[in-house]
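Below, read A as the first sequence line, B as the second, and so on, with proteins coming before strands; counting in each chain starts at 1. As the structure is a computational prediction, the values presented were derived from the model and not from experiment.
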Protein chains: 2
Amino acid sequence: MSEIKKKMSERGEISKVVSEKPAQTLGRKRDHTRDDKILEAAIDILVDTSFDGMTMDMVAARAKAGKATVYRRWSSKAELVRDALAWMNRNHLELESLPDTGTLREDLLVLLKPQSIAEEERKFRVLAGLGSFLQHPEFAEAGTAGIFEPWIVMNRELMNRAVVRGEIPAHADIEMACQVITSMASFRGLIQRKPFDKLFFTALIDGILLPALKNPQIAPNIMETLQDE
Amino acid sequence: MSEIKKKMSERGEISKVVSEKPAQTLGRKRDHTRDDKILEAAIDILVDTSFDGMTMDMVAARAKAGKATVYRRWSSKAELVRDALAWMNRNHLELESLPDTGTLREDLLVLLKPQSIAEEERKFRVLAGLGSFLQHPEFAEAGTAGIFEPWIVMNRELMNRAVVRGEIPAHADIEMACQVITSMASFRGLIQRKPFDKLFFTALIDGILLPALKNPQIAPNIMETLQDE
DNA sequence: TAGTTCCGGAACTTTACAGTCTCGTTTATA
DNA sequence: TATAAACGAGACTGTAAAGTTCCGGAACTA
């Protein structure tokens, strides 16, 4: 039985992010700068190994902390990883600083900064090793949505602006196009383990996305497709 | 340290599929019908748990076999899983039985039989739990290529036929379109854990793929996009 | 300055599982 | 019919890791 399953059957609920204690005033204060060190150490290790491959000793050693210090903050490995994922996905999502070059093509390309690529590849590697952890749906959300949602939001905004500019028709399937981007990125990073670099992204944009968005079907008749099941 | 890493550092090479023994003629013969029972049991378990979550006791119990019987065939868990993946991907890929309805749209839809969908979703669930196992590149190929390659081959063939028919231009980016299909399928099955059903696939085809394939860029000038890095 | 809680480090306990071995039985060869 | 290997079942061994506890020292409060 996997580690995570064991834990879940024993305790009922997942605790909130970094448990708070009942207003104590005595003794040395908890050094909350250690929290981030520990979470960062956990992510660093998850980049290179899997959930099951990561040990609490590794985390403590990498953070130069004692295991007691770790368990004082998180009561189990599952909770630590849960919070580490949330920490990894803490978002620098600034919608107001989105590129606005005048064409959708340039906007999309500018969004794909080399630094963003490296960061996303790190997240993919973490995600790839989460296996048994993600089998529990309550954890799956934290691990996945946080990674992909920001990109979908940004791409959606860029495409909507293109509609407003008249660059693409209003009835183009923007949601599907956004999903294509995140799907291709994750497939390439997660499965093929190749870089989602500018060359590939350009080919995707020019070969598929822009042609599709600029020449959508005249009458996307869903009803007709449903009847012939 | 994960199980797989331990094993790999000890032994050098991965053994071939179901090891053969040096021409012995004495005693009871090995019952090779047990091989498939064991591999099938392994896959059945991998569908519901992860690589680390699967135990050899589970496999033996599910196959109604003794652990000795399992270890007589595979010298480690890693090798068993390796062969189980190959067994799962043993392909009923019959290129000659591809649909040929006269339109690319119908061909693609016919290819997506409900039974195929269920089978692929099973494979996705296995793949999702492989985490630490796939971190070794020599295993990654067996696990992933076997799942996706057949679909790419079939979709490529259908699209090439469409080119021959004159349904889509010859310079459409067929390879990219094939990748979009497998990417979307795996993203939906692996990450979102939603069904890649006919409704969704139809929206992908009508909203993105067919428009893109039928209206490719006039001059897909890769050179121009490369210089502005 | 005494009492309390934190810290890093490390020893310790417990549990689970990979891999091995034994047993009684079955199926093969010579 | 004697020997040999495979079979299912399950006991056994060794190791790894989650989680706990203790240590000596530091930091805080009353």
- Item | Cation over ring face, A/K77 and A/F51, 6.0 Å, 45° | yes
- Message: Need one value for A/K64: base, sugar-phosphate or nothing, where a base atom within 4.0 Å counts as base even if backbone is also close, heavy atoms only.
- Response: sugar-phosphate
- Of the nucleotides C/dC7, C/dC17, D/dA6, which one has an atom closest to the side chain of B/T55? C/dC17
- Side-chain ion pair, A/R82 and A/E79, N-O less than 4.0 Å: no
- Picking from C/dT4, D/dC7, C/dA11, which would you name as closest to the side chain of B/R73? D/dC7
- Item | Residue A/A65, side-chain heavy atoms: nucleotide from C/dG8, C/dA28, D/dT29 that is nearest | C/dG8
- Item | A/R62: partners by side-chain hydrogen bond (donor to acceptor under 3.5 Å, both in side chains), with sequence neighbours left out | none
- Query: Over how many whole Å does the gap from B/R30 atom CZ to D/dA5 atom P extend?
  - Reply: 12 Å
- Message: Testing the 3.5 Å rule here: is there a donor-acceptor pair between the side chains of B/E175 and B/Q179?
- Response: no
- Item | Whole angstrom value for the distance that separates C1' of D/dG25 from CG of A/D31 | 16 Å
- Task: Could you work out which one of D/dA9, C/dC7, D/dC22 sits closest to the side chain of B/A68?
- Result: D/dA9
- Task: Check the distance between C/dG8's C1' and A/K37's NZ and give it to me in whole angstrom.
- Result: 15 Å
- Atom CG of A/D57 and atom P of C/dG8 are separated, to the nearest Å, by 14 Å
- Message: Without decimals, in angstroms, what is the distance between A/R62 CZ and C/dG8 P?
- Response: 16 Å
- Item | Length of the line joining A/K29:NZ and C/dC6:P, which is rounded to integer Å | 12 Å
- Item | Nucleotide of C/dT29, D/dT29, D/dA18 approaching A/M56 most closely (side-chain heavy atoms) | D/dA18
- State whether the distance check finds a donor on one side and an acceptor on the other, under 3.5 Å, for side chain B/K67 versus base D/dG10. no
- Message: As a test of reading the structure: which of D/dA4, C/dA18, D/dT20 is closest to the side chain of A/Y71, going by heavy atoms?
- Response: D/dT20
- Message: Restricting to side chain to side chain contact (heavy atoms under 4.5 Å, CB included), what partner residues turn up for B/D107, sequence neighbours left out?
- Response: B/P99, B/D100, B/T101, B/L158, B/R165
- Message: On the nucleotide C/dG8, are OP1 or OP2 found under 4.0 Å from the side-chain N or O atoms that A/T69 carries?
- Response: yes
- Query: Between C/dA18, C/dT4, D/dA18, which nucleotide has the shortest distance from any of its atoms to the side chain of A/K77?
  - Reply: D/dA18
- Note on the structure: A/M58 CE to D/dA16 P, in whole Å, measures 11 Å
- Atom-to-atom span, CZ of B/R34 to P of C/dT27 - whole angstrom: 13 Å
- Message: Between B/R28 and C/dT26, is there a contact of a side-chain N or O with OP1 or OP2 at under 4.0 Å?
- Response: no
